[in-house]
Amino acid sequence: MSHIHLPDGVLPVWLWVPGFIAAMLVAAVLFRFTKKEALSRRFPLLGMMAAAMVLGASVEVVPIAYHVNLTVISGILLGPSLIFLATFVVNVILALFGHGGITVIGLNTLILSIEGVFGYFLFHLFWQVSKRLILTTFIATFLALVFSTFAMIGVVSLGTSHYEELIHHEGEGIFEFHLLKDKGPHHEEETKKTEIHLGRFIAIVLPLGFIGWILEGVITALITRYIHRLRPDLLHLEKESQ
Amino acid sequence: MKEGERIIEVDCITHVYPDMTKVQICGLDFIVNQGERVSILGSNGCGKTTLLKHLLGILVPKDGRVSVFGINPGKDFSKIREKVGVVMQDVDEQILGPTVYDDILFAPLNYGMGRKKADWMAKEVIERLNLEPIQKKIVNYLSGGEKKKVALAGALVMEPDLLILDEPFTGLDPLSRRDLIQILNELNKEKGITFITTLHEVDLVPEMTDILYLMHGHGDLSERGRPDEIFGKFKDLESFNLEEPTLTKLFKGLKKEGLDFGDPLRIDEAIQSIKKHWKDKK
Amino acid sequence: MKEGERIIEVDCITHVYPDMTKVQICGLDFIVNQGERVSILGSNGCGKTTLLKHLLGILVPKDGRVSVFGINPGKDFSKIREKVGVVMQDVDEQILGPTVYDDILFAPLNYGMGRKKADWMAKEVIERLNLEPIQKKIVNYLSGGEKKKVALAGALVMEPDLLILDEPFTGLDPLSRRDLIQILNELNKEKGITFITTLHEVDLVPEMTDILYLMHGHGDLSERGRPDEIFGKFKDLESFNLEEPTLTKLFKGLKKEGLDFGDPLRIDEAIQSIKKHWKDKK
Amino acid sequence: MIQLSYLDYIAVEGKRFLHRFSPTLKIIGMVLVLLGIVTLRSLPGLLLLYGTLVALFFITRIPIKIFSLTFYPLIFAVLFIFISGFQIHFLLLIFLKVLCGSTGVVLLLATTPYPMIFSVLGRILPDSFVTALFLTYRSVFILLNILEETQHALYLRGGFQWRHPWRSLINISNAFGHLMIKGIDASEKMYESMLLRGFKNKIFYRGK
Ligand SMILES: Nc1ncnc2c1ncn2[C@@H]1O[C@H](COP(=O)(O)OP(=O)(O)OP(=O)(O)O)[C@@H](O)[C@H]1O
Ligand SMILES: Nc1ncnc2c1ncn2[C@@H]1O[C@H](COP(=O)(O)OP(=O)(O)OP(=O)(O)O)[C@@H](O)[C@H]1O
Ligand SMILES: [Mg+2]
Ligand SMILES: [Mg+2]
């Protein structure tokens with residue numbers, strides 16, 4: 001459970017709208033600064049890795065959303081900027097299949113791309129140090145997933161005050177008109193005294209996540225080994241090994 | 001398993017694909033006896049592959065009965081898997097690599113042969129199929145025909161009792177076809193291996209077939225017989241999207257012109273027949 | 001483009017695949033003139049597909065020169081791609097879907113035809129290839145031969161000047177093969193379309209070939225000529241992993257037995273020749 | 001996952017009124033549904049919305065099999081049970097919102113072939129993004145096909161047996177790597193053939 005697809009309607013507007021904008025901005029910047037030919041030459045790879053992620057994300061291993069993500073391996077193969085675009089595409093398609101929310105595509109992309117981007121950098125960092133492919137891949141994957149899980153928890157907890165509202169303001173009119181609520185830093189203190197139990201949430205997510213991180217790490221390492229054997233050029237390791 | 005014993009029986013099965021394409025393999029029962037060389041001819045999309053997939057338990061029929069070695073493959077295929085060698089039509093995904101040699105070792109190792117025995121078996125099949133030059137290559141980067149050969153090697157290596165070959169000749173060059181036919185015929189003669197082949201190369205049928213099935217429309221098995229019977233008697237092979245073998249066409253054409261040399265199906269027979277008639281004319 | 005003008009020239013190219021497999025297409029130059037029907041025969045893995053990929057700019061040679069319609073396809077293929085229709089050996093990835101009809105529309109729409117024109121072109125090719133029954137099917141669900149036909153339709157729909165077909169007959173049933181040959185010959189006659197085909201079905205060569213190339217070893221183009229010349233004169237087609245067509249074998253066999261009926265390559269010729277000799281004998 | 005290609009099939013082959021609607025209208029409808037999800041905060045309102053969507057689903061005769069897809073995101077919503085400490089009202093609210101979202105989207109996809117959705121999106125999004133969407137979508141099916149056939153190969157050649165767990169594990173991880181490489185090669189071929197067939201960084205599709 002390295003990553004969860006946030007669904008529609010759970011998070012407050014003031015959270016997902018900026019998420020959307022941020023993701024769009026990043027994507028736009030990346031599109032602008034990636035060379036056109038480089039992009040079109042690697043389009044097929046982008047498409048296929050995105051497809052692999054879509055498939056991985058839709059094949060359940062264990063009922064509670066355990067699934068392989070393949071984000072880290074995709075990140076290693078695509079590089080940090082393309083993986084972001086790929087993640088965006090993945091979230092759009094998953095949203096179309098009903099696997100994640102449409103409104104939260106932006107946030108989901110930001111969270112998920114952490115895995116790919118961090119995975120890529122960690123992988124190359126550790127490779128410099130150890131030169132042991134399996135170990136390097138495993139650690140990079142594991143850490144990247146830890147980061148993204150905490151990012152997800154962070155995002156969910158940012159919505160705390162919104163959940164409170166939903167709980168307390170029941171039946172107070174059909175529509176919510178005040179879309180952009182001004183939320184100061186004080187909402188974190190509130191957490192403790194209301195019925196919101198973020199602690200429990202985290203207590204569930206982290207242990208489950210831990211197993212997921214290890215599984216994903218092992219799978220990614222094995223796949224990387226295989227790719228290293230057949231198409232070492234795809235991993236872009238030559239420069240560094242010399 | 002005795003020669004001539006019935007090993008496959010398919011009894012009017014119906015399969016409906018998720019998009020509602022219905023394939024009904026009916027008409028004649030599909031029956032195969034031990035030691036027979038069986039071929040299936042039929043137009044594109046008529047259901048040959050669908051039939052074979054039922055024999056392997058990859059598809060499970062909605063209606064009807066399939067029995068292979070007395071077992072229902074939809075349920076218990078793993079019990080007979082060791083006896084069955086398969087080459088599917090789409091050979092690409094059948095090869096698991098990474099190298100050709102690894103791929104050939106795949107089945108022996110999985111069935112618990114020791115490394116030594118497995119090596120020995122692999123060597124033998126590599127020699128049979130002339131794969132030495134490519135045995136170290138990575139399977140993803142073989143040419144189309146080379147892949148086919150590797151898949152064949154993977155199926156032959158366990159010396160199965162039953163070989164199921166879905167269009168094994170497509171993509172092979174003529175000499176490799178000839179070699180393959182020879183290998184199959186040898187295996188059939190020496191070890192009594194049964195094989196079921198689908199193909200489109202009518203000219204090859206007479207050389208490797210005891211029993212020929214013709215399939216029609218959407219799964220209609222409508223003819224069963226020896227190749228010479230079927231090619232001889234049939235006027236409308238075209239309704240099967242088939243043609244007669246070149247020699248049949250030639251000799252039927254000659255007959256129309258008033259020259260009756262009989263119905264030879266193989267080149268040597270044809271030469272003998274013409275020669276004999278020529279001499280007799282004197 | 002005038003009939004007979006030289007449109008393709010390949011001059012001793014070398015390609016090295018990432019795993020160091022070296023394919024050197026040399027020996028004779030590969031030359032194609034406008035309006036010719038060219039076939040390439042050769043054993044598995046000899047480099048036929050590699051050659052075609054160079055013509056399409058998919059591979060770029062390490063050494064040597066390729067020119068198609070006077071352009072270097074490795075650099076500027078997009079300038080000529082409207083004139084070139086292609087069916088690659090591996091047909092699966094060539095079909096973009098979602099339905100057969102959509103797939104056929106792909107090229108016309110991308111080349112900016114209006115919707116109406118595109119529809120009309122698609123209709124025509126669907127009729128030509130008898131694809132009506134499957135035109136609404138989702139491409140993911142086609143049988144092997146059906147996929148081949150759809151890919152062909154996708155290549156033919158733009159009525160290209162040059163058709164490049166990598167083993168178009170594999171997986172087609174005999175009647176579809178016959179139909180395809182007829183379509184190609186018609187297109188060649190009516191519109192002067194040039195086509196380059198690789199294939200393994202020697203029996204089909206005489207019916208659709210003006211110029212035949214034989215390829216050897218790892219890319220060695222060693223023979224060029226009319227099919228009857230090449231099949232007639234050659235003793236050792238086996239060194240190309242080739243066979244003679246059935247009729248050539250028959251008539252050579254007869255010659256050995258002292259019966260010389262000439263070297264017909266097509267059935268009607270063969271019948272006439274035998275008939276004539278038979279009559280003359282009186 | 002088999003349901004995905006089935007979904008495609010329903011979208012292309014379906015002949016109900018929703019299938020015949022213009023894709024643009026359907027997408028606008030979807031946006032309205034989303035607006036509802038975001039702003040509605042009363043149970044009856046959401047129930048009404050959900051009821052409408054489900055009714056549409058069944059009037060359109062989309063098979064039950066597809067309907068099960070809409071429950072997937074509940075898996076995540078369940079985690080909110082722990083956040084809220086079992087507040088029934090809150091949970092119902094969240095669950096309904098989630099269900100409305102997924103039902104709406106699946107309804108859209110089951111009545112509109114994907115190229116049409118993409119081509120409508122293409123009016124607002126950059127071309128290269130739409131191309132990436134398209135390539136990904138087609139790649140999913142190619143990959144699915146490879147996955148299925150690889151499974152068959154493992155099965156037919158004894159690649160997975162409980163008797164030999166260690167070998168089976170190695171085989172499966174090799175198969176995964178194999179899948180990746182195959183997929184990458186396939187995508188390259190697919191792209192080549194798109195270029196050969198006139199693709200110039202923008203995909204054209206027929207509307208209905
Ligand atoms: N997965 C599938 N989903 C839906 N329809 C299918 C599927 N596979 C095959 N079909 C359809 O079932 C029919 C029989 O297909 P099958 O593959 O058995 O034909 P075949 O006789 O092997 O043809 P070919 O000679 O072209 O290989 C065809 O009409 C085909 O379109
Ligand atoms: N991508 C690749 N990487 C490495 N080697 C390759 C690759 N593609 C082809 N080869 C090798 O190059 C040689 C020529 O291959 P090619 O595909 O051109 O053969 P072909 O003549 O088309 O054969 P076939 O009749 O079997 O299709 C073969 O030995 C093959 O193994
Ligand atoms: Mg088939
Ligand atoms: Mg080839």
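Chain letters run A, B, ... following the sequence lines, proteins first, then strands; residues in each count from 1. In what follows, every heavy atom counts, from backbone to side chain, and hydrogens, waters and symmetry copies are set aside.
Counted within 6.0 Å of CZ on Arg61(D), heavy atoms from surrounding residues, nucleotides or ligands total 12 or fewer; the atom is thus considered open.
Looking only at distances, a side-chain donor or acceptor of Arg81(B) sits under 3.5 Å from a matching main-chain atom of Tyr155(D). Here the side chain of Arg157(D) pairs no donor or acceptor atom with the backbone of Asn110(B) at under 3.5 angstrom.
Neither the backbone nor the side chain of Tyr17(B) comes within contact range of chain D; no heavy atom of the residue lies under 4.5 Å from a heavy atom of that chain. Using a 4.5 Å cut-off between heavy atoms, Asp103(B) contacts chain D through both its backbone and its side chain. Neither the backbone nor the side chain of Pro160(B) comes within less than 4.5 Å of any heavy atom in chain D.
Atoms CD1 and NE2, from Ile95(B) and His178(D) in turn, are 8.0 Å apart once rounded to the nearest 0.5 Å. The structure places CD1 of Ile58(B) at 10.5 Å from CD of Gln151(D), a figure rounded to the nearest 0.5 Å.
The greatest number of non-hydrogen atom pairs below 4.5 Å with chain B, out of Leu179(D), Asn174(D), Asn171(D), is found for Asn171(D).
Taking every heavy atom of both residues into account, Glu149(D) and Asp90(B) meet most closely at OE1-CB, 3.6 Å.
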